Amino acid sequence: MQWEIVIGLEIHAQLSTQSKIFSGASTAYGAMPNTQASIVDLALPGVLPVLNRGAVERAVKFGLAIGATINSPSIFARKNYFYPDLPKGYQISQYERPIVEGGNILIQTEEAEKNIRLTRAHLEEDAGKSLHEDFHGMSGIDLNRAGTPLLEIVSEPDMRSSAEAVAYAKSLHSLVRWIGICDGNMQEGSFRCDANVSVRPRGSDTYGTRCEIKNLNSFRFLEKAIEFEAERQIDILEDGGSVRQETRLYDANKGETRTMRSKEDANDYRYFPDPDLLPVEISPDWIDQLREALPELPQARRERYVTEFGLSAYDASVLTGSRELSDYFEATVQRLPAQAKLCANWIMGEISARLNKADMDVASCPVAPETLAALLSRVEDGTVSGKAAKTVFDSLWQGEMDQQVDAIIEAKGLKQISDDSAIEQQVDDVLAANAHLVADFRSGKEKAFNALVGQVMKATQGKANPAQVNAILRKKLSGQ
Amino acid sequence: MLNDSLKQLSRRLADKQVSSVELTTEYLERIQRLNPEYNAFITVDADKSLQQAHAADQKIAVGDAGPLTGIPVAQKDIFCTQGWLTTCGSRMLSNFVSPYDAGVIERFNAAGAVNIGKTNMDEFAMGSSNENSYYGPVRNPWDISAVPGGSSGGSACAVAARMAPAATGTDTGGSIRQPAAFCGISGIKPTYGTVSRYGMIAFASSLDQGGPMARSAEDLALMLNVMTGFDARDSTSLQRDAEDYTRDLENPLSGLRIGLPKEYFAEGMHGDVARAIESALDEYRKLGAETLEVSLPNSPLSIPVYYVLAPAEASSNLSRFDGVRYGYRAESYQDLADMYRKTRADGFGAEVKRRILIGTYVLSHGYYDAYYIQAQKVRRLIAQDFKHAFAQCDVIMGPTAPSVAFDIGEKSSDPVQMYLSDIYTSAASLAGLPGMSIPVGFGEKNRPVGLHIIGNYFTESRMLNVAHQYQRATDWHLKMPDL
């Protein structure tokens, strides 16, 4: 039988506020345990939550960026369960009337573009951390993370392969960073994925029983976990069994998922509106202000790169993979508007390769966009050849000669010979010294022409402008 | 001096007839003498109180005194008080010394008042008799075999027995008004959102409201001046201009329209209570007020609605008491679940556990719509009733409780009978309206009767005026139990 995989993702993006969602404590990562837990985070008797405006603004920006509905009023609810790292015995989250509802994200896989629908995105607080090692049989609790603002972004089950799921997660990851609401640091847990996976016979219009896989903290784990899980479910079904609805944990070391808790063990969370927090009213004016503060979004830029610069859809998509890369391209092309393709090729080629090799991101690229533009304008005006430009780029990357492009070209003698009379002189010399090649050419051997070009280039140490060499050589051979 | 009003005490302090240290010492001595029998205080800390009294005397000496500077005030043990044991009447917090001050405590400190001690209460404010305290029952100063009411029974007893000139209380369904009635004192629960809930240990967040308990409406006004005000740390706190609650006290009552809900004057009210209320209404008519019948058709539903919503919120609010970070933790346990189980089984008393169970049930999957959502709908209808009634009248009056104080032990085995003590008070709580109780005489066994006054939102000044004019004409509020 042919099986189809159905995937929906729940992504927790930590919002980049300075302080927590309901207290004034810092959200900075990596402090000594419990040094960033205020009395509100510790849930002392009598303390009350006060909503962080910055968290609301970030959620609204996200909603606007995906074309969703912003609910006003939006309501906070309590999700009740006991766990030692959940200080109040409930998590303040949203249930009915989440702040963001609906919306879409366009993803690009190798095959095609696809639209993924979002169900909702809601604000909630993170829990603390339980530490089960180093306490001699006891557990330690670190509440630094308790109360950190999260946006839980829930997709519809619109993805049909691990590749689509990864493309979606990457798009979302890029978007939240693009609009500046989340730092996207997956190692520090700022962007965490849970995947709902089910399988069904291809062509079926009902969903299979799903399993939720928790805590996938890299795109690679997301991909592997989905593949493993789909395979596991298919095996069960092909053996005549049935999939049990449950929550599973991905073990990155073994590359497998295993049961965390079954549906029967699931808590009744007893959601109800939090009486300590008033419904959040978000005025149209406030929404307008936030909309105006949004940067140009990746989708808009992609379209503009195609229409304004004539780039391919693929190039446009690569260049808008992150805001930093896209901004780098923008800053470069702004100085060379007629050479967008040249700029794009260099950024996707030489620059990206160098950055990859050095494990750096484009924001810390040692060659500034204006420097790159200066170099590319020398390619454009024929001062250097494309090949020589790469040598110049090496020097720029190393920071040589204060990154003065012209000085480097000069010092390294990389200037292309574009002076007709100088090239003519060289051509004459080569023709005189290679009478047999001239004879071969005249007898119809076209290859001899290329050999003559090679001789001229050799004589000029590669500096002669190849186009001019071609033209002059042809003129001389035909005119004589 | 024990019968002095706050204004009189303040004048004595200003005139240097007495120092705050002397005044505080006198009250501390009285507490020392009476508290073993009446059990109104859970914690008394003479050193801390006298330290505050010293500081107050210095403020007075340099002419930096406000109306409450140097005056002892008893604080209900529900208000977190820095450096003080803050138990909320529970074993669960029997070791909890608060590292911070509630908004209300901050305000009293800033006003220079002296904290004379933390008063006993029903555990987590759940109860109408003060028999649900881990620290034992409080006794009624008018009759030692009677309950003082609850949950602010310790505060009511302390004020009635002159162990404090004034006290704070909190009211979720009647916890200021009913004990005020039972102990023959005055108490007001202001409009929801007027007094900060920050640091006030939550029972039912959408209903809880702090307020003062004192001997007269005038004293209540001075207390409210200190207690009220916006607090950004409480998201339900209302942003309003500060007001002087004494401003309307002396206004005449001519033309006052008093609404009498026909539902309150039907069955259920005891004859002795009815007689006292009738004569109070006669007094009001003499003062120029007119009475008219109004209807609150949904008010009979207020007890069932209250006993769905309050336990629902409580079941969640009390989840933080898990033995993990502070408070009581069971001594031995097998694992995490066992620790929770034993800690909460031993740390909470029977009534608290009953309400957590009720609350957990009504919020459960499959029951939520039938109970919680339904109760919220009726809650809105109850508020609508009041809106209609206040189109016809300025204040609503009736009895605070259906009977005078009952005997200790009389209702403790019958929770529903106990819950019915709040039958007249819970509707105003559900609507978020201000309500107050003032003493208007004595009923059976010579136990006090309280008149319940409900006002429209933010009409506390008017309500205090209505109470004050009655107290100018009568002397029920000056009666003192013979102790």
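For clarity, every value in this text was computed on a predicted model and none was experimentally measured. Side-chain atoms are counted along with the backbone in the values below, which use heavy atoms only and exclude waters and symmetry mates. Residue numbering restarts at 1 for every chain, and letters A, B, ... go by the order of the sequence lines.
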B/Arg107, CZ atom: more than 12 neighbouring heavy atoms under 6.0 Å: yes
Non-hydrogen atoms of B/Val324 and A/Pro84 that approach each other most closely: CG1-O, 4.1 Å
Atom pair OG/CD1 of B/Ser98 and A/Ile39 - distance to nearest 0.5 Å: 7.5 Å
Top contributor to chain A interface from B/Pro99, B/Ala102, B/Ser316 [non-hydrogen pairs under 4.5 Å]: B/Ser316
Shortest non-hydrogen contact between B/Leu336 and A/Tyr83, atoms and distance: CD2-CE1, 4.3 Å
Which atom of A/Val50 lies closest to which atom of B/Ala232, heavy atoms considered: CG2-O, 3.3 Å
Gap separating the CZ atom of A/Arg78 from the OG atom of B/Ser319, nearest 0.5 angstrom: 8.5 Å
Within 6.0 angstrom of A/Glu281 CD, more than 12 heavy atoms from elsewhere: yes
Heavy-atom contact with chain A under 4.5 Å, split by part of B/Tyr100: side chain
Nearest-0.5 Å distance that lies between atom NE2 in B/His365 and atom CG in A/Asn267: 13.5 Å
Proximal component of B/Phe79, with respect to chain A [non-hydrogen, under 4.5 Å]: neither
Near-ring test B/Tyr372/A/Phe272, centroid separation under 6.0 angstrom: yes
Per-residue contact mode, B/Ala312 against chain A (heavy atom under 4.5 angstrom): backbone
OG-OH distance between B/Ser364 and A/Tyr269, expressed to the nearest 0.5 angstrom: 14.5 Å
Proximity breakdown for B/Leu207 and chain A, heavy-atom pairs closer than 4.5 Å: neither
Residues, nucleotides or ligands: over 12 heavy atoms within 6.0 Å of A/Tyr95 OH: no
Part of B/Tyr367 within contact of chain A (heavy atom distance under 4.5 Å): neither
Segment of A/Leu143 engaging chain B (4.5 angstrom heavy-atom cut-off): side chain
Shortest non-hydrogen contact from B/Thr236 toward A/Pro275: CG2-O, 3.6 Å
CD (A/Glu188) with more than 12 external heavy atoms under 6.0 Å: yes
Heavy-atom neighbours of B/Tyr328 OH exceed 12 at 6.0 Å: yes
Max heavy-atom pair count under 4.5 Å with chain B, selected residue of A/Ile141, A/Leu86, A/Val47, A/Leu44: A/Leu44
Any donor-acceptor N or O pair under 3.5 Å, side chains B/Arg325, A/Asn34: no
A/Glu156 CD: over 12 foreign heavy atoms closer than 6.0 Å: yes
Value rounded to 0.5 Å, distance of CZ in B/Arg197 from CG in A/Leu48: 5.0 Å
When B/Phe96, B/Tyr198, B/Tyr326, B/Phe321 are compared by non-hydrogen pairs under 4.5 Å with chain A, the top option: B/Tyr326
Gap between atom CG of A/Asp276 and atom CG of B/Asp234 - 0.5 Å precision: 7.5 Å
Structural part of B/Thr86 lying under 4.5 Å from a heavy atom of chain A: neither
Contact summary for B/Arg320 and A/Ala43, nearest pair of heavy atoms: CD-O, 3.5 Å
Minimum heavy-atom distance between B/Ser235 and A/Leu278, given as atom pair plus value: O-CD1, 3.2 Å
